[in-house]
Amino acid sequence: MSYAIVYSSRTGNTERLAKAVSEAAGPEECLYYGPPVPELPRAEVLYVGFWTDRGTCDAQAAEVLRRLTGRQKVFLFGTAGFGGSEAYFEQIWQRVLGCLPPEAEVIGCYLCQGEMPAAVRRRYEAMPEQTPGRQAMLENFDRALGHPDAEDLRRLEAAVRRARAAQRP
């Protein structure tokens with residue numbers, strides 16, 4: 001089954017996920033691997049990677065999703081700086097899925113925490129100590145360090161293999 005991996009990565013986190021997708025899917029049927037391009041690859045399966053921006057996928061990834069056709073199956077993967085909450089991840093998924101055309105067939109989804117730039121922590125530290133949520137934001141920033149980690153990548157690879165196996169006749 002032919003596939004393409006299209007991803008947007010601002011800090012390198014989603015690019016790490018894209019490499020894991022490539023490892024799990026194997027090189028034999030890959031038609032494209034890289035950032036969004038004007039014309040979407042004509043693969044049977046499109047793996048679309050994004051980084052979370054304001055609670056949904058980034059603008060580049062959203063544009064890719066809007067351009068999908070009904071004949072392509074899609075596997076979504078991404079990173080979010082704020083992690084640890086399945087409820088938050090579910091809100092992200094609902095927004096991301098809203099970018100897809102109604103006829104799109106989603107064969108899998110994977111989202112994990114991603115490390116944030118040091119400038120984000122400095123911004124949190126600069127907030128007055130009494131700012132609601134400040135301490136939680138600092139703690140979340142520290143938990144995100146090193147993500148996606150080996151376990152995140154292993155889980156993504158397993159999800160890709162399951163999705164590919166389910167698509168085989």
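- Between the OH atom in Tyr110 and the CG atom in Leu156 there is a gap of 6.0 Å [rounded to 0.5 Å].
- For Ala144 against Gly114, the heavy-atom pair with the smallest separation is CB-O, 3.6 Å.
- Glu44 is not listed as a side-chain neighbour of Lys73, based on a closest heavy-atom distance of 4.5 Å or more.
- Rounded to the nearest 0.5 angstrom, Leu138 CG and Glu129 CD are separated by 9.5 Å.
- The aromatic rings of Phe50 and Trp93 lie perpendicular to each other, with more than 60° between the two planes, well past the 30° mark.
- At a cut-off of 3.5 Å, with distance as the only test, no side-chain donor of Glu15 or Ser9 sits close to an acceptor on the other residue.
- Here the straight-line distance linking atom CG of Leu97 with atom CD1 of Ile92 works out to 11.5 Å at 0.5 Å rounding.
- Phe141 pairs by the ring-ring contact (aromatic ring centres under 6.0 Å, His included) definition with nothing, not counting sequence neighbours.
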Carefully, step by step, assess Val45 and Ser2 under the rule side-chain contact (heavy atoms from CB on, under 4.5 Å). CA-CA 6 Å; Val45 176; Ser2 67; over 6 Å; no

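- You'll find the side chain of Thr52 reaches within 4.5 Å of the side chain of Tyr88, heavy atoms only.
- Ala43 approaches Ala4 most closely through the heavy-atom pair CB-N, 3.6 Å.
- Contact between Cys112 and Leu17 at its shortest, heavy atoms only, is SG-CD2, 4.0 Å.
- For the atom pair SG (Cys99) and CZ (Arg67), the distance works out to 13.0 Å, reported to the nearest 0.5 Å.
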Taking it one step at a time, do Arg54 and Arg95 satisfy side-chain contact (heavy atoms from CB on, under 4.5 Å)? CA-CA 10 Å; Arg54 295 179 174 87; Arg95 291 180 193 115; over 6 Å; no

Stepwise salt bridge (Lys or Arg N to Asp or Glu O under 4.0 Å) check, Arg154 with Glu151: CA-CA 5 Å; Arg154 186 199 63 73; Glu151 181 60 19; 2.5 Å; yes

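- The hydrophobic cluster containing Leu46 does not contain Leu31, counting ILVMFWY residues as joined when their side-chain heavy atoms lie under 4.5 angstrom apart, directly or transitively.
- Residues Thr11 and Trp51 have side chains not in contact (no heavy-atom distance under 4.5 Å, counting atoms from C-beta outward).
- Salt-bridge annotation for Asp142 and Arg121: present, with a side-chain N of the basic residue lying under 4.0 Å from a carboxylate O of the acidic one.
- Phe77 and Val106 fall into different hydrophobic clusters, where Ile, Leu, Val, Met, Phe, Trp and Tyr are joined by side-chain heavy atoms under 4.5 Å apart, directly or via other members.
- Two residues are said to be in side-chain contact when any heavy atoms from C-beta on lie closer than 4.5 Å; Tyr47 and Val74 fail this criterion.
- Pairing each heavy atom of Thr56 with each of Val96, the nearest pair is OG1-N, 3.8 Å.
- Inter-residue side-chain proximity for Glu103 and Gln72 is flagged as unmet; no heavy-atom pair is nearer than 4.5 Å.
- Phe89 and Leu100 fall within the same hydrophobic cluster, defined by Ile, Leu, Val, Met, Phe, Trp and Tyr side-chain heavy atoms under 4.5 Å apart, directly or through other members.
- Within a 6.0 Å radius of CZ in Arg134, other residues, nucleotides and ligands contribute more than 12 heavy atoms.
- Closest heavy-atom contact between Tyr32 and Pro41: CB-CG, 3.6 Å.
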Begin from the C-alpha positions of Thr79 and Leu111 and carry the test side-chain contact (heavy atoms from CB on, under 4.5 Å) through to its verdict. CA-CA 6 Å; Thr79 57; Leu111 188 61; 5.6 Å; no

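- Here Gln135 contributes atom CD and Met137 contributes atom CE; the two are 10.0 Å apart, rounded to the nearest 0.5 Å.
- Residues Glu115 and Arg16 are not paired through a salt bridge, judged by the lack of any N-O separation under 4.0 Å between the basic side chain and the carboxylate.
- The aromatic ring centres of Tyr33 and Tyr7 sit less than 6.0 Å apart.
- Note that CZ of Arg162 is 11.5 Å distant from CD of Glu157, once rounded to the nearest 0.5 Å.
- For the pair Asn140 and Met116, the minimum side-chain heavy-atom distance is below 4.5 Å.
- Val160 has its side chain out of reach of Tyr3: every pair of non-hydrogen atoms, C-beta onward, lies at least 4.5 Å apart.
- Here the closest heavy-atom approach between residue His147 and residue Asp149 is recorded as CE1-OD2, 3.2 Å.
- Residues Val6 and Leu76 are members of one and the same hydrophobic cluster, defined by side-chain heavy-atom contacts under 4.5 angstrom among Ile, Leu, Val, Met, Phe, Trp and Tyr.
- Proximity of Ser8 to Pro35: side-chain heavy atoms (C-beta onward) are nowhere separated by under 4.5 Å.
- Hydrophobic clustering of Ile, Leu, Val, Met, Phe, Trp and Tyr side chains at less than 4.5 Å, counting indirect connections, unites Ile107 with Met1.
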Full working for salt bridge (Lys or Arg N to Asp or Glu O under 4.0 Å) between Glu23 and Arg161: CA-CA 10 Å; Glu23 290 291 321; Arg161 286 188 190 102; over 6 Å; no

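- For the residue pair Gln113 / Asn13, no side-chain donor-acceptor distance below 3.5 Å is found, with atom types taken as modelled.
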